[in-house]
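Please read the structure below before turning to the comments.
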Number of protein chains: 2
Amino acid sequence: MDTPRRPERTGFLLSQLGSFAAARFAELVKPAGLTPATAGALRILARNPGLSQRALADRLGAVPSRVVVLVDALENAGLVSRTRDPDDRRHHRLDLTDAGRAALQGLRAAAEQQNADILGPLDPAEREAFAALISRLATAHGIDPDVHRGFGDHPHAR
Amino acid sequence: MDTPRRPERTGFLLSQLGSFAAARFAELVKPAGLTPATAGALRILARNPGLSQRALADRLGAVPSRVVVLVDALENAGLVSRTRDPDDRRHHRLDLTDAGRAALQGLRAAAEQQNADILGPLDPAEREAFAALISRLATAHGIDPDVHRGFGDHPHAR
DNA sequence: TATTGTTATACTCTATAACTATA
DNA sequence: TATAGTTATAGAGTATAACAATA
């Protein structure tokens, strides 16, 4: 019952499984009119009311013109509002609307569903062990829980 | 010392870590003039000498026009040869060149290096446990070890 | 002059559709 | 008429550079 495991494959399988997980998440948030990228921005804005686009760009590790597109999408979906900052009219203050806050709840549900879908094949103890190891690795590699790398990190990006 | 873990984050961290792993692999094979996509094609061709482009497309889950680009790249890099099949001149037989076989060795080395880089923070027992869990999940979700999903699986793809 | 946000433009990846050649 | 491969074209995503408004 021991498939002769080739240990050098773990990194490869991790890439694949990560892509699978990202695709699943994308599916789950699509009905809400979100993508992994806009979902990531929404989460940051939820915790940082009034953030400027520049500041959001820095958090996302994205370029300002990219943020325009992201915020356009969120604004068109009615989830985020842009208002000029009266103190410095160059800035836009970004805030979640009521619909945005509701969408945020949906994101949490999507994340839980994604988890259940991905980790379903493991029993509770194994899930716990897997979660702990993934968490350790993410921390060790400085992975920022805000930035959705799953999509948006193509070879020619950066 | 127990960071209160939010279990619904595991899927998210898995996406991120997978993308990280894919990006690392891309870096490692880039000096050899390969990308994750061409590397995946090369591996399939190594095990299936004389494969046609159509058959390769099926293995990759890609469309024939995509395979043209991939094989063009491999041929231009001198790693793969196209020869018309004398039995049915519509087909191209795809075969690795000597340089292609050498590149394949390099891919194995890259995979090992990627593994070491990713799993470095874990001790040997943990690596083993992680490898076993990842392997189980990959199998359970029907992940094909040939197809490089890490790149090339964009929302509008398919 | 420097900064924020926007627009214009370009590039990569990948798909669909039209086409060529072989069968 | 059907199939293998190619070319032409289009679309998504994201970057760089030029620009307008504001400071």
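We name chains A, B, ... by the order of the sequence lines, and we start the count at 1 in each one.
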Quiz item: Distance check: side-chain N/O of A/Gln53 vs OP1/OP2 of C/dT3, anything under 4.0 Å?
Solution: no

Exercise. Indicate whether OP1 or OP2 belonging to C/dT6 is found under 4.0 Å from a side-chain N or O atom of A/His92.
Key: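 Affirmative; the distance criterion is met.
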
Exercise. With the side chain of B/Arg90 defined as its heavy atoms from C-beta on, choose the nearest nucleotide among C/dG5, C/dT22, D/dG5.
Key: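 Ranking C/dG5, C/dT22, D/dG5 by closest atom to the B/Arg90 side chain puts C/dT22 first.
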
Quiz item: Choosing from D/dG5, C/dA15, C/dT6, which nucleotide comes nearest the side chain of B/His91?
Solution: D/dG5

Quiz item: What pairs meet the salt bridge (charged side-chain N to carboxylate O under 4.0 Å, His left out) rule with one or both residues in residues 112-121 of chain B, with sequence neighbours excluded?
Solution: B/Arg24-B/Asp117

Exercise. Return the 5'-most residue of the pair B/Val67, A/Val69 with respect to DNA chain D, ranking by each residue's nearest nucleotide.
Key: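 Nearest-nucleotide comparison on DNA chain D picks B/Val67.
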
Practice problem: May I ask you to say what B/Ser65 touches in the nucleic acid, namely base, sugar-phosphate or nothing, with a heavy-atom cut-off under 4.0 Å? | Solution: base

Exercise. Return the set of residues passing side-chain hydrogen bond (donor to acceptor under 3.5 Å, both in side chains) with A/Arg136 (not counting sequence neighbours), or none when no residue passes.
Key: B/Glu126

Quiz item: In residues 79-89 of chain B, what residues come within less than 4.0 Å of DNA chain D, judged by heavy atoms?
Solution: B/Arg82

Could you state the [atom1]-[atom2] distance from [X] to [N], rounded to the nearest angstrom?
X	N	atom1	atom2	answer
A/Leu70	D/dA12	CG	C1'	14 Å
B/Arg93	D/dG5	CZ	C1'	16 Å
B/Lys30	C/dT12	NZ	C1'	12 Å
B/Leu56	D/dT6	CG	P	12 Å
A/Leu51	C/dG5	CG	C1'	14 Å
A/Arg54	C/dT6	CZ	P	12 Å

Self-check item: side chain to side chain contact (heavy atoms under 4.5 Å, CB included) between B/Leu94 and B/Thr83, worked out
Solution: CA-CA 7 Å; B/Leu94 302 174; B/Thr83 54; over 6 Å; no

Quiz item: Do the side chains of B/Leu137 and A/Leu28 join up, straight or via other hydrophobic residues, at under 4.5 Å, putting them in one cluster?
Solution: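 Cluster IDs for B/Leu137 and A/Leu28 differ.
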
Which side-chain N or O atoms in residues 99-106 of chain A pair as donor and acceptor under 3.5 Å with protein atoms at least two apart or in another chain?
from, atom 1, to, atom 2, distance (Å)
A/Arg101, NH1, A/Leu96, O, 3.2
A/Arg101, NH2, A/Asp98, OD1, 2.8

Practice problem: Not counting sequence neighbours, list each pair that qualifies as a ring-ring contact (aromatic ring centres under 6.0 Å, His included) and has a residue in residues 98-143 of chain B. | Solution: A/Phe20-B/His141, A/Phe130-B/Phe130

Self-check item: Partners meeting salt bridge (charged side-chain N to carboxylate O under 4.0 Å, His left out) with B/Asp88 (sequence neighbours left out)
Solution: B/Arg90

